[in-house]
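Letters A, B, ... are given to chains in the order of the sequence lines, protein chains preceding strands, and every chain is numbered from 1.
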Amino acid sequence: MTSIGTGYDLSNSVFSPDGRNFQVEYAVKAVENGATSIGIKCDDGVVFAVEKIVTSKLLVPKRNVKIQGIDRHIGCVYSGLIPDGRHFVNRGREEASNFKKLYSNAIPIPAFADRIGQYVQAHTLYNSVRPFGVTAIFGGIDENGPHLYMLEPSGTYWGYKGAATGKGRQTAKAELEKVIDQNSEGFSARDAVKQAAKIIYMAHEDNKEKDFELEISWCSKSETNGLHKFVEGELFDEAVEYAKKEIAGDEDSDSDNAMSSDDEDAGPDVATTTETPATEGNADRDGDIEIE
Amino acid sequence: MFRNNYDGDTVTFSPTGRLFQVEYALEAIKQGSVTVGLRSSKYAVLVALKRNADELSSFQKKIIKCDEHLGLALAGLAPDARVLSNYLRQQCNYSDMVFNRKLSVEKAGHLLCDKAQKNTQSYGGRPYGVGLLIVGYDKSGPHLLEFQPSGNTLELYGSAIGARSQGAKTYLERVLDKFVEIEDAEELIKTGVEALKQSLKDETLSTDNLSIAIVGEDIPFTMYEGDNVAKYL
Amino acid sequence: MNHDPFSWGRPSDETYGAYNNEIAHAPSFPKMNTQQPIVTGTSVISMKYNNGVIIAADNLGSYGSLLRFTDIERLIPVGKNTIVGISGDISDMQHIEHLLEEIETENQYDNSFADNEESLQPSYVFEYLANVMYSRRSKMNPLWNALIVAGVEDNKPFLRYVNLLGVTYSSPTLATGFGAHLAVPLLRRVIDREEDIAKTDLQTAKTTILEAMKVLYYRDARSSRKFSLAIIDNDQGLIFEKDLQVEKMAWNFAKDIRGYGTQKV
C-alpha cells in the first residue's frame, strides 16, 4: 500500500501508474472484514451458509435474514456492506425477471452470472459511482445442473465447487478444500448442509468472543424441487449439532498439537497466515462499518 | 499536517474499505434528541424526547404516523425523516390501493434500506442524516426496526437512538426478558418512558417534551402528546 | 353578438382549405388498439359452499367458430389458496398468467412469512387484477377478458369478478360469458342468497357445477367436453382436477332436430 497518498486512490475508474484501480482494491477490504459466507456445490444443487454476528442481545433471534433469493431457482449470500448486497440482489432480480418476460423461461445461471457480472464491473468504470462493497456467492440449479459462482467487486467471477468470502475465508477455504477432496465422488445436498454448518462454525473460531447465528439455505433437485429455500427445522438443528460436535473434536486435537499457542488466544494456526498483514490489524479495529 | 482525503464524498472507499461520509452521517443521529422503541409480543411502543430551538419556539415533532398500522420516530435531521416517512406513506398507500394489503413492517424496512443505499453509492448526493425507529403491527405481529443512513435496517426487541441513547439501550438490555412478556399496553409504555429517563441529562420530562406512540393487536398507531402523556411522567 | 362558441361554426373548407392534421401533429387516422378478441375461451363458472369455493372452466380455445385448441388450461393457481379463472382472449390470458407469476415471485422476495402470515391472499390477487383491468381499459387498450378470482381467505370463501371494463362485483355464484346467462340461474337454484351458502356442502356444490358444465356443453357452441375443476377447501386446501369430461349426456334428441345444418328433410 505504498501508493496510498499518491492521489491515484482517491477516485474510482482511475489507474495508478502501475495499472491498478485502488478503489476496487479498497472495496475488497470492506469485504474482507465482513462476516463469513460460503457456498458449496453438491450432486444436485448448491448450499449457502453465512455467519451472522450478534452485535446486541436486543436483536430478535432468527430475524434480520441475510441470504436472499434472486429468482426462485437462484440463491445468493454475500459478505461486506449489506446494503450494497441488497442493491446487487435487486439488480439480479430485475435481470432474472426481464429474462423470464422475454424468453418465458427461467434464466440459466451462467447467463445470469454474466449479466450481473457486467453490472458490477460497470461500477468500476465511472467516477460517479463506487464499486460494490460486496463479494457475492450465488448459484442454484437449472436445466444443465447445479452452478455456483463467486463474484468480486471488480466484476470478476469464477465458477466454484466450494466458495468462501469474508473474515473467516482462509479457514473456510482450507476446510472446503478438505471436505470436497474427501467427497471426490460428490455428495448429497443433506451432507453439504452439514458440512456448510461445520465450516461456518470453524471459520468463526477466530472470532470466538462474538456471539453468532447460523443461516443456511439450499437449492437442490431432490430436496427442494430445484427451488431456493431456507434450511429449517430438524435438518437445521441436526446440522448445528454436527457442527458443534466436530468443533469440539477439533479443538481437542488443536490443543494437543499446538499447546504453546493457547495462552496467546490466537486461535487455530490458519488464522495467522491471513494475507495483507499491513492493513489487516487496522481494518479489524475500524472496518466495522456495517452493523450486523 | 494529516488530512483525511477519503471523506469528501460517498463514492470513495478509504484504504481500509470504509465510507467516511456514511459514517459521518451516522454521527448526525447522535446530534438529535433521544428516542426509544420497544416491543412485546402484543404491542410496539415509541417514546421520544422533543427539543425546542429556544424558549419561544415550538417543539420539533419526533414521531410520524405513516399508516394505521405503521409509524416511526426519528433522531437526527428532521427534514430527512420527512422525506423517508413520506416515502413510506406512499408505499403504504400503494400496497393498500393496488393489493388491498397492509405493507408489512419487514417490507417497509427493506424499502427504506434500498432507498438509503442509493445515496451511498453514487456521486452528487449525501446519505440521509437521520436514524429511525419504525414500529408497526402486521399479520405476523408487532415489530420494531432500527434504520440507519448506511442502509442497514435491523429488527430488535428494543432500541434507542440519539443523544446519550446508550443509557436507554443498557436499561432495555437489562429488562429485556421482562418487557417482551408484557401484555398490558400501559405497562409497556411505562417501561419505554423509564428507558428514556436513563438517557436524560439536563432535561426533565414534561407534557411539553414527551412524545409517545403505540401500535398493537387491538390498537391502531396512536400518538400521545401534551396532556395525554401526563400520566406517564 | 352571439357569445356561444358553438354557434360560431367552423372555418369552412372553401375559404381555408381542409383541416391540416400536421398542425396538431395528429395522425390522419385515430390510433386504434384491440377491437376484438381473437382466440377465445368461453365461460368460467363458480360458486361458494359452506367450507370453500368451486370453480370450473373447459379446455377449449376457439378461433372464431373454429374449435382451434383443445388443451388450454384456463384455471390459474396463485399461491396456495387462490385460483384465477379466465375467459376471453387467450393471448391476453397468457399475459395475465405472466403477471400472476411475477407477483407470486415478488411475494417470495425477502419475505420471512411468505408461506404463512404474509402469503398471497385471494383479495390481494383480485385487487391487483382489478387495477390492471381498469388501468388498461382507461388506456383504451383493454385486456379482453372476464376473470373470476376464487379462494379462501381468513377461513372464509372468496369469490369476485372483474372484466375488460374494469367492472367488479361479488356474488355467492359467479360465471363469465355465456355462463353468466345460462349457468347462473342453475347455480342459483342451489344458492340464491348469502344464507344458502351455509346450507350447501361440497358434494352438493360439486354436483351443481358438474351439471352446469353439462348444460353449457349442450348449448354453448364454443365449449368443449373436456374441462378442469378446482376446489379450494378451508380444510383440504387446493384440489385441482384436470382432464374431467362431461358425463351422462343424452344426445338422442339430436337426430330429430330440424332446421339446422345440411339435412334435406
Chain C to chain A donor-acceptor contacts, backbone plus side chain, under 3.5 Å:
residue: Glu101(C); atom: O; partner: Arg72(A); partner atom: NH2; Å: 3.4
residue: Glu102(C); atom: OE1; partner: Lys101(A); partner atom: NZ; Å: 3.4
residue: Thr105(C); atom: OG1; partner: Arg72(A); partner atom: NE; Å: 3.2
residue: Thr105(C); atom: OG1; partner: Arg72(A); partner atom: NH2; Å: 3.0
residue: Asp110(C); atom: OD1; partner: Gln68(A); partner atom: NE2; Å: 2.8
residue: Asp110(C); atom: OD1; partner: Arg93(A); partner atom: NH2; Å: 3.0
residue: Asp110(C); atom: OD2; partner: Gln68(A); partner atom: NE2; Å: 3.2
residue: Asp110(C); atom: OD2; partner: Arg86(A); partner atom: NH1; Å: 3.2
residue: Asp110(C); atom: OD2; partner: Arg86(A); partner atom: NH2; Å: 3.3
residue: Asp110(C); atom: OD2; partner: Arg93(A); partner atom: NH1; Å: 3.0
residue: Ser112(C); atom: OG; partner: Arg63(A); partner atom: NH2; Å: 3.4

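Enclosure of atom CZ in Arg225(C) by more than 12 non-hydrogen atoms of other residues, nucleotides or ligands within 6.0 angstrom is indicated. Surrounding OH of Tyr63(C) are at most 12 heavy atoms belonging to other residues, nucleotides or ligands under 6.0 Å away.
Proximity to chain C is limited to the backbone of Ile70(A), based on heavy atoms less than 4.5 angstrom apart.
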